[in-house]
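Written below as structure tokens is the structure these notes are about.
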Amino acid sequence: MIIYSDNIKKYDAKLLKICKLLNRISFLRLFIFVISSIILIYLFNFKLFTHILIVFPLSLVCFAVAIKHHNKTAFLKKHTAFLKKINESEVLRVECNLEEFDTGHKFINQNHPYTSDLDIFGQHSIFQLVNRTTTEAGMIRLSEWLSEPASKSEIHDRQNALKEISQKLDWRQDFQASGMHYQNKNSDYNKLLDWVEASVVLLKYRQIYMAVAIILSVLSVLGLYLFTINLFSSNLNPSNWYIYILPFITVLFINQLILRKVKPIADDIVKTSQANINILKGYRALIHKIESESFKAKKLCHLQSILIKSKFSAFKEINKLCRLLEFSQQRGVKIKYIAIGGNQLYSLLNSFLLIDIYMIIGTEKWKSKNKAHLKSWAEVVSEFEVINSLAGFCYSNPSYTFPEITEKHNYVHFVSLGHPLINSKKRVCNNFHTEGQGDVVMITGSNMGGKSTFLRSVGVNLVLALAGAPCCAEYGQVSNLKIYTSMRTQDNLKGGISSFYAELNKVEKMLKLIESNHNVFFLLDEMFKGTNSEDRHKGGFSLINQLSKLKTSGIIATHDIKLAKLAGNKSLVTNYSFNSEIKNDSMHFSYKLHPGICTDFNASELMKKSGIKILSNIADEQEE
């Protein structure tokens with residue numbers, strides 16, 4: 001789309017400006033440091049200590065402002081680079097170049113009713129085409145939407161949400177870019193949820209611990225003050241030094257005992273902060289975008305309301321926890337005798353002020369207040385990420401349609417149906433219609449004619465329709481179906497399962513599903529191809545006869561012309577076909593669906609092109 005190309009140029013120009021600004025700020029920061037150092041050295045040489053007390057803090061403020069401005073500009077540069085990357089990714093998706101995107105491999109389940117056969121996950125998959133999530137939970141939720149059909153009302157709500165948010169191009173891309181700052185494929189947000197939901201320890205005795213911490217902090221500081229004053233006092237009697245040092249050491253010893261007692265809790269907080277701070281920052285950024293936008297769609301408003309209740313804000317609450325965990329990183333922790341993070345100043349102040357107590361109580365107080373909400377906040381973000389993903393898919397394909405979900409049983413109707421994973425310039429679309437229980441469509445065709453691709457086109461678009469997403473068609477109307485496929489059956493050497501037995505297992509599961517649900521739509525490709533032709537023919541016809549009498553419907557693709565004719569003559573199926581023709585010794589495929597049984601055969605021609613010497617009359621050869 002032109003808008004993506006225009007955005008790439010726009011962000012390229014913006015990046016160039018930001019880089020120039022960043023260089024100027026870096027120079028300014030260096031200039032402030034050098035000039036401040038020269039002035040301070042000059043003042044020190046002339047013993048102008050009063051002036052130093054003014055110049056030094058002023059220099060620190062100026063340098064801090066420069067650093068803050070530098071960090072803000074660096075963040076903007078990174079954010080702009082993400083926006084450019086997002087638009088470049090959209091161009092690749094429009095062209096169906098999906099190699100660089102996450103395959104969703106961890107969601108592949110060979111035992112799922114349809115995801116493996118329909119390329120929902122894996123290389124060149126629907127997941128790669130639609131996924132624009134940045135959190136682990138968002139990816140999981142998207143896989144769930146693609147793996148299980150929603151209810152009719154939920155599909156309707158999702159469609160309305162997608163229609164609204166798809167038009168918010170700038171907001172959508174800014175939302176995605178905000179999450180990309182903290183993206184981590186190896187994160188595990190479930191560990192964060194477990195930590196938040198874990199029981200608190202000090203909070204139960206908060207008043208006691210706070211009172212002890214305050215009293216001991218005061219005594220520590222007071223003891224240090226008295227010891228220091230008397231140490232440099234001219235009236236100090238050396239023989240009485242222990243009178244001043246002993247109380248001070250006693251208080252520090254008590255502090256260390258308390259700190260040692262709470263050390264496991266403090267260590268756990270630091271470890272959690274190191275593992276989960278980016279996850280929380282990601283949620284904080286995404287929630288802020290959700291809270292600050294206005295929506296009209298019912299689903300979007302409902303999700304937003306979970307984050308904002310009266311004066312309560314999920315963004316503000318998560319921001320508090322982020323600050324607590326960021327502060328805890330100043331403490332550091334030892335893992336297997338190796339110190340990670342932290343600084344010496346924290347350790348020094350902690351010995352006097354018992355900072356660990358305040359940090360632990362503050363963290364446990366947050367957990368006690370929000371542990372019931374964090375999971376629901378994460379779910380809201382996940383839902384928004386999935387909606388954002390499918391809205392991006394919708395915006396990039398304006399010719400796609402949102403199908404109508406009908407109450408009719410086993411109803412599938414598409415006008416100009418195509419496969420979304422095929423480039424639009426090469427895609428060939430077909431009309432398709434089937435309705436009523438027991439309606440079985442059988443498709444015959446020449447090799448490479450498009451039978452399997454058409455089955456996947458129907459299946460994939462049904463998955464998208466029942467997830468609430470737009471379909472690759474001009475118009476669609478479908479029932480709320482349970483999809484079941486048997487297209488790629490593989491043997492299992494380790495399990496001792498042949499491909500034929502694997503297919504029988506899938507057929508058995510399909511029949512059980514049909515018995516428990518009257519709205520099953522099946523897609524079968526080359527039934528019983530792992531056995532001999534006689535048993536394949538007998539078993540195929542028997543299964544067709546059985547399916548035609550059940551409350552189900554679907555499509556069967558086959559090369560068996562005799563089977564198609566027999567099933568058609570018995571009025572068990574409606575026959576369609578894909579045909580090809582040979583022109584100038586070359587195969588030509590129209591990929592168009594036609595009524596009736598296939599009228600041409602190209603297998604022999606294809607085998608000839610592969611170097612096989614095809615015999616003209618096998619019967620004569622047998623007689624010889």
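The structure presented is a predicted model; accordingly, all values stated were derived computationally and were not measured.
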Are any of the side-chain heavy atoms of Lys509 and Asn111 separated by less than 4.5 Å?
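Lys509 reaches Asn111 side chain to side chain.
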Would a 4.5 Å heavy-atom cut-off, applied to side chains only, mark Phe528 and Lys538 as touching?
no
Distance-only, no hydrogens or angles: does the [X] side chain make a donor-acceptor pair with backbone N or O of [Y] under 3.5 Å?
| X | Y | value |
| --- | --- | --- |
| Thr401 | Ala473 | no |
| Ser479 | Lys408 | yes |
| Asn423 | Glu95 | yes |

Tell me whether the rings of Phe432 and Phe454 are parallel (<30°), tilted (30 to 60°) or perpendicular (>60°).
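Because their plane-to-plane angle is over 60°, the rings of Phe432 and Phe454 count as perpendicular.
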Just say parallel, tilted or perpendicular for the rings of Phe82 and His181, cut-offs at 30° and 60°.
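Answer is perpendicular, since the angle exceeds 60°.
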Using a strict 4.0 Å threshold on nitrogen-to-oxygen distance, state whether [X] and [Y] make a salt bridge.
| X | Y | result |
| --- | --- | --- |
| Lys85 | Glu100 | yes |
| Glu136 | Arg141 | no |
| Lys512 | Glu515 | no |
| Lys451 | Asp525 | no |

His433: which of Tyr475, Phe414, Tyr411 passes ring pair (Phe, Tyr, Trp, His ring centres under 6.0 Å):
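For His433, the ring pair (Phe, Tyr, Trp, His ring centres under 6.0 Å) test succeeds with only one of Tyr475, Phe414, Tyr411, which is Tyr411.
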Could you tell me the separation between the [atom1] atom of [X] and the [atom2] atom of [Y], rounded to the nearest 0.5 Å?
| X | Y | atom1 | atom2 | value |
| --- | --- | --- | --- | --- |
| Gln437 | Leu550 | CD | CG | 9.5 Å |
| Ile544 | Leu566 | CD1 | CG | 8.5 Å |
| Asn109 | Ile120 | CG | CD1 | 13.0 Å |
| Ser590 | Phe578 | OG | CZ | 8.0 Å |
| Lys506 | Met510 | NZ | CE | 10.5 Å |
| Cys394 | Asn388 | SG | CG | 12.0 Å |

Please find out if less than 6.0 Å separates the ring center of [X] from that of [Y].
| X | Y | value |
| --- | --- | --- |
| Phe121 | Phe127 | yes |
| Tyr400 | Phe393 | yes |
| His105 | Phe107 | no |

Can you name the nearest heavy-atom pair linking Leu455 to Leu523, along with the distance?
O-CD1, 3.5 Å
Which pair of non-hydrogen atoms, one from Asn430 and one from Tyr591, has the smallest distance, and what is that distance?
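Shortest heavy-atom separation between Asn430 and Tyr591 comes out as ND2-O, 3.0 Å.
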Should we say atom NZ of Lys375 is surrounded by more than 12 heavy atoms from elsewhere, each under 6.0 Å from it?
no
Would one find more than 12 heavy atoms of other residues, nucleotides or ligands at under 6.0 Å from atom NE2 of His594?
yes
Return yes if a side-chain donor-acceptor contact under 3.5 Å exists between Thr134 and Glu385, otherwise no.
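A donor-acceptor contact under 3.5 Å links the two side chains.
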Side chains of Asp560 and His537: do they bring a donor and an acceptor to under 3.5 Å?
yes
